[in-house]
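Note sheet for the following structure.
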Amino acid sequence: EVVYNTLIDGYCKQGDMKKALEIRNDMSSKGFNPNSVTFNTLIKGFCNTNKFEQAEKLLEEMLSISLTINAGSFTSIIHWLCKLSKMDSALRFVNEMLLRDIKPNDNLLTMIVGGLCKQGKHSEAVNLWFKLLEKRFFPNVMTSNALIHGLCKSGNAGEVIKILKEMLERGFHFDRVTYNTLISWHCKEGRFEEGFQLSEEMGKKGISQDTLTYTSLIKGLCKKGKMDEALMLLEKCKTEGVTPDVYTYGVIIEGFCKGDQIEKGKDIFNKMVNGKMEVNSFIYNSLIRGYSRMGDMKEAIRVCNEMKSKGIQPTSETYSSLIHGHCKIGCVEDAKLVIDEMRELSLSPN
RNA sequence: GCGCCAAUUGACA
């Protein structure tokens, strides 16, 4: 068996699954039974050559016969199922693992929890997390972060609190990502005070704030129209040695644009450009949306052209703003021209 | 033990 398995592994590593299967059949005809190593090798080989159906079939076969099965039999398949967003199948196999007391590795769990949440299957993700606790396969901080993030995004405050409480009771530690996730969540939902409180807490625990932390807090202030405080926090960020990036400035520009202070937004924009900082379509979209909202279509179009001349592709959001602006000042014909331009770029109106 | 890669957090809609 060992010799056969070695040969099979060699062919699998070369991606030659046909030869690998030939050896496998040869093996059976000579009276040797494929063992779990044979299966695991072939499963991995099929996965690496994108033949997932075949890999899955082998795994099903392994499950149906009484063959020693280990994490290696599952890992590559589940990995690929996650990549292909086939979360139902992935979850089914994870449950098979748990039934057999096999611990999936932490990367895999993080991917599954994140994938389930992205598909709106939050309760499955929560159930899995608790099932892991029961089995004493304690989810690591990344897996928990993925769950917390998913629940925050779906606005499921009750569940977020439930998970946090469980983590605290069990003495699981929060890391920078946990704090940033929660801070962003509070700030986005208008509770910037809670965000600041958590920021303080993380500092006390020796976890330093980073660009994401500041960006979220600044966003929280902007959302409430506290632009002066937002600018002060930006200064504090710099003096703390944390470098604001295009996201941070984007939040401030957006804040000014939404608050009908586009000129101040434009000032920040100019500072970015003069400082040779990268600007992107998000930044341009904020400005274009701001001008369009005010009905200043001359300026909106000028900014849009500037964007194009810099080689930055307008997005459907850019065009939506322009269309909205044109209609607002009664120039439906101009709006139609914008739609024509979108068609030429094969951007679909949303 | 080392190295590389990947998985969880921030901006326009």
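Below, chain A is the first sequence line, B the second, and so on; all start at residue 1.
Under the rule for a side-chain contact (heavy atoms from CB on, under 4.5 Å), A/E193 has no partner lying at least two apart in sequence or in another chain. Residues forming a ring-ring contact (aromatic ring centres under 6.0 Å, His included) with A/F130 (at least two apart in sequence, or on another chain): none.
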(message) For nucleotides 4-13 of chain B, give me one character per nucleotide, 5' to 3': B if any protein heavy atom sits under 4.0 Å from the base, S if the only such contacts are to the sugar-phosphate, - if neither.
(response) --BBBBBBBS

Side chains of residues 323-340 of chain A: which donor-acceptor partners sit under 3.5 Å, not counting sequence neighbours?
unit_1 : atom_1 : unit_2 : atom_2 : d
A/H326 : ND1    : A/L322 : O      : 3.2
A/K328 : NZ     : A/R293 : O      : 2.6

Taking only distance into account, with no hydrogens and no angle test, what donor-acceptor pairs under 3.5 Å do side-chain atoms of residues 241-256 of chain A form with protein atoms, sequence neighbours excluded?
unit_1 : atom_1 : unit_2 : atom_2 : d
A/D245 : OD1    : A/Y247 : N      : 3.0
A/D245 : OD1    : A/T248 : N      : 3.2
A/D245 : OD1    : A/T248 : OG1    : 3.1
A/T248 : OG1    : A/T215 : OG1    : 3.0
A/T248 : OG1    : A/D245 : N      : 3.1
A/E254 : OE1    : A/S286 : OG     : 3.0
A/E254 : OE2    : A/K258 : NZ     : 2.8

Show the atom names and distances, to 0.1 Å, of all donor-acceptor pairs under 3.5 Å that link a side chain in residues 152-162 of chain A to residues at least two apart or in another chain.
unit_1 : atom_1 : unit_2 : atom_2 : d
A/S154 : OG     : A/L151 : O      : 3.1
A/E159 : OE2    : A/K162 : NZ     : 3.3

